[in-house]
**Q** 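Quick one: the structure is below, questions incoming.
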Protein chains: 2
Amino acid sequence: MNQGASGIELGTSLGYLMKEVASALRAAMEAVLRPLGMSVTHYSCLELLAQRPGLSNSELARGTFVTRQAMNVLLQALEADGLVTRSAQPASGRALPTQLTAAGRAQLATASAAVKGVEDRMKSHLSPKDQDALRAMLSTCAASLRA
Amino acid sequence: MNQGASGIELGTSLGYLMKEVASALRAAMEAVLRPLGMSVTHYSCLELLAQRPGLSNSELARGTFVTRQAMNVLLQALEADGLVTRSAQPASGRALPTQLTAAGRAQLATASAAVKGVEDRMKSHLSPKDQDALRAMLSTCAASLRA
DNA sequence: TCCAGTATGTCAGAATATTGACATGAATCA
DNA sequence: TGATTCATGTCAATATTCTGACATACTGGA
């Protein structure tokens, strides 16, 4: 009697569960990254850049799920700290390719190991088959939401 | 060769996928709630309050995954708009029970239907059995992260 | 009883992200 | 060619959330 016929049952809502896991994951990541002096977005940017060197500001923003304005502020800080470098001249259009420096790679190495520990803990009670199934369903959900 | 042995493979990382779905879900919710003049947290608070009347500020904060300070700011706005009422006297301790007003319930009804549409779209390509499996695995992940 | 530990509400300041806006460069098309 | 549309980088203002801090209220044990 607590919710109407068209309401959402929080206890069984996939959306609520998704938010719960995402929130717990973010909190766990913050807990291990804070001692390293990094935020989640900070780490995400470096990780993305390590796997896809040369990404532009806008591409990094999309890959880390923030606006390009927010990523721009972050990139300026990362560049000032000597963790990344941005080309002075655009290779094409206005996009400025970004690369990790040696210092950036070094900082990332520590953070990446810590974050991997968190992710391992998250899936510690899932069998490899379960993990594959979860991956597939999450991809399906993401695709459905984009449509 | 893009990442070290202990690195995270973004393309297959459950954590990254989770963030992707949560981000897409939040964006979709914002898209339908904005025309109604509500934010996601605003909606979440009303929904939680409808299903569990009398929750305190701190309990609402935990249920919507924000700090109690942020929820406090939101509750003051909701109260000023006549959507909720807070007891003047704590029933026990310092916790002040909160209730939805008729106006709050009315606003929630519209929003809840819109959000249900988003959630339905998200799971539109999952069978009922898949949905149960996804729920179970997400619960497992949340429990593992809390531990 | 007293005290340490925990939970809550709330204020203030700082950090972070978002929306809005504008100029620039490329691509598409009539 | 010229015009339109789209993507990008960036600045400014706003909004939202968080961290830090403090007082208050309950709880459990010495």
Side-chain angles (χ1 to χ4, degrees), chain A residues 19 22-24 26-31 33-46 48-49 52 54-81 84-99, chain B residues 19 22-24 26-31 33-35 37-45 48-49 52 54-81 84-99:
Chain A
K19 190 170 178 177
S23 173
R26 187 178 187 87
M29 286 176 66
E30 281 173 349
L33 289 175
R34 179 177 301 276
L36 303 175
M38 306 173 67
S39 71
V40 173
T41 309
H42 177 141
Y43 156 76
S44 300
C45 178
L46 295 187
L48 195 51
L49 220 35
R52 311 201 33 196
L55 249 43
S56 71
N57 175 47
S58 286
E59 291 169 324
L60 286 168
R62 280 193 293 271
T64 56
F65 312 105
V66 297
T67 62
R68 66 185 196 274
Q69 291 91 330
M71 180 53 66
N72 193 19
V73 172
L74 175 61
L75 273 186
Q76 287 175 3
L78 294 180
E79 190 171 21
D81 289 347
V84 307
T85 57
R86 305 187 71 184
S87 307
Q89 297 298 330
S92 144
R94 300 192 66 192
L96 301 173
T98 308
Q99 273 91 22
Chain B
K19 190 170 178 179
S23 173
R26 186 178 188 89
M29 287 176 67
E30 281 173 348
L33 289 175
R34 179 177 301 276
M38 307 173 68
S39 71
V40 173
T41 309
H42 177 142
Y43 156 75
S44 301
C45 177
L48 195 52
L49 221 34
R52 315 210 18 205
L55 249 43
S56 71
N57 175 46
S58 286
E59 291 169 324
L60 287 167
R62 279 192 294 270
T64 56
F65 312 105
V66 297
T67 62
R68 65 185 197 273
Q69 291 90 332
M71 180 54 66
N72 195 17
V73 172
L74 175 61
L75 273 186
Q76 288 175 2
L78 293 181
E79 190 170 21
D81 289 348
V84 307
T85 56
R86 307 188 70 183
S87 306
Q89 296 298 331
S92 143
R94 299 192 68 193
L96 302 173
T98 309
Q99 274 90 22

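These figures come from a predicted structure and were not determined experimentally. By convention in this document, chain letters (A, B, ...) are assigned in the order of the sequence lines, proteins followed by strands, and residues within each chain are numbered from 1.
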**Q** Send over the distance from L75(B) CG to dC11(C) C1', rounded to a whole Å.
**A**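 To the nearest whole Å, that distance equals 16 Å.
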
**Q** What is the distance from CD of E30(A) to P of dA17(C), rounded to the nearest Å?
**A**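 Answer to the nearest Å: 10 Å.
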
**Q** Based on the rotation axes of five pairs at each end, what angle does the helix from dT1(C)-dA30(D) to dA30(C)-dT1(D) bend through, to 10°?
**A**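 Helix axis angle between the two ends: 30°.
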
**Q** To the nearest 0.5 Å, what is the distance between CE on M71(A) and CG on L55(A)?
**A**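 These two atoms lie 9.5 Å from each other.
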
**Q** Between L33(B) and H42(B), is there a side-chain heavy-atom distance shorter than 4.5 Å?
**A**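 Result no, sub-4.5 Å side-chain heavy-atom pair not found.
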
**Q** In Å, rounded to the nearest 0.5 Å, how long is the span from OG of S56(A) to CZ of R94(A)?
**A**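 Taking OG in S56(A) and CZ in R94(A), the distance rounds to 12.0 Å.
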
**Q** What is the distance from CD of Q89(A) to C1' of dT24(C), rounded to the nearest Å?
**A**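 Atom CD in Q89(A) sits about 14 Å away from atom C1' in dT24(C).
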
**Q** Taking only heavy atoms on the protein side, list every residue of residues 36-45 of chain A lying under 4.0 Å from any atom of DNA chain D, sorted numerically.
**A**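 Going residue by residue through residues 36-45 of chain A, none turns out to have a heavy atom under 4.0 Å of DNA chain D.
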
**Q** Let me know the distance between CG of L33(B) and C1' of dT16(D), rounded to the nearest Å.
**A**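 Value for this atom pair: 16 Å.
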
**Q** Is it the case that atom CZ in R34(A) sees more than 12 heavy atoms from other parts of the structure closer than 6.0 Å?
**A**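 No, CZ of R34(A) has 12 or fewer neighbouring heavy atoms, counting only those of other groups under 6.0 Å.
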
**Q** Indicate the atoms forming the closest heavy-atom contact of K19(B) with F65(A), along with that distance.
**A**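 That would be CG-CD1, 3.8 Å.
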
**Q** How far does CG of L96(A) sit from CG of N57(A), to the nearest 0.5 angstrom?
**A**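 With rounding to 0.5 Å, CG (L96(A)) is 8.5 Å from CG (N57(A)).
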
**Q** Suppose the criterion is side-chain hydrogen bond (donor to acceptor under 3.5 Å, both in side chains): which pairs have a residue in residues 61-81 of chain A, not counting sequence neighbours?
**A**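 Those involving residues 61-81 of chain A do not exist here.
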
**Q** OP1 or OP2 of dA17(C) sitting under 4.0 Å from any side-chain N/O of T67(A)?
**A**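 Indeed not, no polar side-chain atom of T67(A) lies that close.
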
**Q** Could you list the residues that satisfy side chain to side chain contact (heavy atoms under 4.5 Å, CB included) with A24(A), not counting sequence neighbours?
**A**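 Result, side chain to side chain contact (heavy atoms under 4.5 Å, CB included) vs A24(A): L145(B).
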
**Q** Mark up nucleotides 3-15 of chain D, 5' to 3', with B wherever a protein heavy atom is under 4.0 angstrom from a base atom, S wherever such an atom reaches only the sugar-phosphate, and - elsewhere.
**A** -----BBBB----

**Q** What are the two closest non-hydrogen atoms of V84(B) and T98(B), and how far apart are they?
**A**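 That closest heavy-atom pairing would be CB-CG2, 3.9 Å.
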
**Q** May I have the distance from M71(A) (atom CE) to dT19(C) (atom P), rounded to whole angstrom?
**A**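 These atoms are roughly 15 Å apart.
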
**Q** Return the value, rounded to whole Å, for the distance between atom CZ of F65(A) and atom C1' of dT16(C).
**A**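 Taking atom C1' of dT16(C) as the reference, CZ of F65(A) is at 18 Å.
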
**Q** Provide a list of protein-nucleic acid N or O atom pairs under 3.5 angstrom, restricted to nucleotides 1-3 of chain C.
**A**
none

**Q** Rounded to the nearest 0.5 Å, how far does CZ of R26(B) lie from OG of S39(B)?
**A**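 Going from OG on S39(B) over to CZ on R26(B), the span is 7.5 Å.
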
**Q** Using every non-hydrogen atom in the two residues, find where L75(A) and C45(A) come nearest and quote the distance to one decimal.
**A**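 So the two residues come closest at CD2-SG, 4.0 Å.
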
